[in-house]
Each structure stands twice: as C-alpha cells, then as structure tokens.
S.K.: 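Structure incoming, see below.
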Amino acid sequence: MIDLQAGDLRTFVPSRDFALSQAFYTALGCELEWSDEGLALFRLGASRFYLQAHYVKDWAENTMLHIGVQDAARCHADIERLLASDRFAPARVAAPRREPYGALVTYVWDPAGVLLHLAQWDRP
C-alpha cells in the first residue's frame with residue numbers, strides 16, 4: 001500500500017461570480033488566507049478550501065461541502081438574516097432537518113449553487 005503521508009485535503013469550489021462568492025464565504029466566517037484573480041484559499045476552523053473563478057453549472061450544482069457545526073438552528077437563523085438583504089442572491093438557506101445518519105442539518109446553497117451541509121451531530 002502507498003503511504004502518501006498526507007497532511008491535509010482541500011477541495012476546489014466553483015464560483016459564478018468570484019467576488020460575490022468570496023464575500024459570501026467571508027460573511028459565513030471563513031477566513032481568506034490568500035487570493036489572486038482566479039483562486040482564493042479560505043480557512044474554516046482547521047480545514048481549508050480553494051474557491052475558483054471558474055463555473056460549470058453541472059459541477060457547481062453537484063458540489064457539496066459537509067461542515068460540522070455546534071448549533072445548526074442558530075446557523076440557520078444567522079444565515080437567514082444574512083440572506084434577507086438579497087446581497088448574495090441567489091444564495092438560499094433551508095430550515096434545519098433531522099437526518100437519519102445522526103445529525104440536524106441546515107442546508108445552504110451558495111451564490112453558484114454549491115450545497116453546504118451544516119451538520120450538528122447528535123453524538124460527538
């Protein structure tokens with residue numbers, strides 16, 4: 001077996017409007033660590049992801065990020081207030097839903113259609 005000795009795993013996330021998506025993720029509490037005209041590196045807790053200035057509808061609408069949170073209901077309320085201004089349209093949020101795999105999940109679609117699963121686990 002190959003031992004990659006991997007230190008981390010970062011996904012690439014598409015954006016339709018790069019500046020709008022950067023502002024959206026910053027408003028969600030992600031920290032912008034680096035960017036240029038086509039790529040931005042964000043940190044969220046101990047994880048990182050790349051936001052790309054590249055959009056393919058089918059790719060964006062099939063990209064999902066599962067993020068563990070402490071309080072899915074509070075996330076829903078906070079994000080609902082954030083989206084009320086339509087600043088990040090067409091981003092949207094759905095009310096938390098209990099999932100059979102043991103989490104209360106708030107679903108959030110970013111401005112490009114990427115689906116975020118904000119999951120509050122029943123057990124640590």
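Predicted, not measured: the structure shown is a model, and the values here were computed from it.
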S.K.: Test Leu28 against Leu116 for side chain to side chain contact (heavy atoms under 4.5 Å, CB included), laying out the working first.
M.R.: CA-CA 11 Å; Leu28 288 185; Leu116 311 178; 3.7 Å; yes
S.K.: Is any side-chain heavy atom of Ser35 less than 4.5 Å from a side-chain heavy atom of Leu41?
M.R.: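 With C-beta onward as the side chain, the pair stays apart.
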S.K.: Tell me every residue that passes ring-ring contact (aromatic ring centres under 6.0 Å, His included) with His76, counting only those two or more places apart in sequence or in another chain.
M.R.: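 Scan of His76 (ring-ring contact (aromatic ring centres under 6.0 Å, His included), adjacent residues dropped) gives none.
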S.K.: Which label fits His117 and His66: parallel for a plane angle under 30°, tilted from 30 to 60°, or perpendicular past 60°?
M.R.: tilted
S.K.: One pair to check against side chain to side chain contact (heavy atoms under 4.5 Å, CB included): Asp122 and Arg98. What are the steps and the verdict?
M.R.: CA-CA 10 Å; Asp122 296 339; Arg98 176 125 338 256; 2.5 Å; yes
S.K.: Quick one: does Leu83's side chain get under 4.5 Å of Phe24's, heavy atoms only?
M.R.: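 The answer is yes, as the side chains (C-beta and beyond) meet within the 4.5 Å cut-off.
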S.K.: Is there a side-chain contact between Val93 and Glu80 in this structure, where contact means two heavy atoms from C-beta onward sitting under 4.5 Å apart?
M.R.: yes
S.K.: Answer whether the closest heavy-atom distance between the side chains of Trp121 and Tyr101 falls below 4.5 Å.
M.R.: yes
S.K.: With side chains defined as the heavy atoms from C-beta onward, is the minimum distance between Leu65 and Leu115 less than 4.5 Å?
M.R.: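 Not in contact.
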S.K.: In terms of hydrophobic clustering (I, L, V, M, F, W, Y; side-chain heavy atoms under 4.5 Å; direct or indirect links), are Leu82 and Ile67 co-clustered?
M.R.: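 Same cluster: Leu82 reaches Ile67 through Ile, Leu, Val, Met, Phe, Trp or Tyr contacts under 4.5 Å.
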S.K.: Would Phe18 and Glu37 satisfy side chain to side chain contact (heavy atoms under 4.5 Å, CB included), going step by step from the backbone distance to the final call?
M.R.: CA-CA 9 Å; Phe18 190 51; Glu37 66 280 348; 6.0 Å; no
S.K.: According to a hydrophobic-cluster definition based on side-chain heavy atoms being under 4.5 Å apart (Ile, Leu, Val, Met, Phe, Trp, Tyr only), do Val13 and Leu39 belong together?
M.R.: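 Shared cluster, no.
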S.K.: Output side-chain donor-acceptor pairs under 3.5 Å for residues 51-60, partner residues at least two apart or in another chain, one line each.
M.R.:
unit_1 : atom_1 : unit_2 : atom_2 : d
Lys57  : NZ     : Glu61  : OE1    : 2.9
Lys57  : NZ     : Glu61  : OE2    : 2.9
Trp59  : NE1    : Thr63  : OG1    : 3.4

S.K.: Report yes if some heavy atom in the side chain of Phe88 is under 4.5 Å from a heavy atom in the side chain of Ser21; otherwise report no.
M.R.: no
S.K.: Which pairs count as side chain to side chain donor-acceptor pair (under 3.5 Å) when at least one residue sits in residues 2-19, sequence neighbours excluded?
M.R.: Asp8-Arg10, Arg10-Tyr50
S.K.: With a 4.5 Å cut-off on side-chain heavy-atom distances among I, L, V, M, F, W and Y, is there a chain of contacts connecting Leu104 to Leu118?
M.R.: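 Different hydrophobic clusters.
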S.K.: Hey, could you give me each pair passing side chain to side chain donor-acceptor pair (under 3.5 Å) that has a residue in residues 105-115? Not counting sequence neighbours.
M.R.: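 Listed by first then second residue: Tyr25-Asp110, Glu99-Tyr107.
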S.K.: Would you say Leu32 ends up clustered with Leu20 if hydrophobic residues are merged whenever their side chains have heavy atoms under 4.5 Å apart, either directly or through other cluster members?
M.R.: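 Cluster IDs for Leu20 and Leu32 match.
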S.K.: In Å and rounded to the nearest 0.5 Å, what is the CG to CZ distance from Leu9 to Phe49?
M.R.: 13.5 Å
S.K.: Among all residues two or more places apart in sequence or in another chain, which pass the salt bridge (Lys or Arg N to Asp or Glu O under 4.0 Å) test with Asp71?
M.R.: none
S.K.: Arg43: which residues meet the side-chain hydrogen bond (donor to acceptor under 3.5 Å, both in side chains) condition with it, sequence neighbours left out?
M.R.: Glu31, Glu33
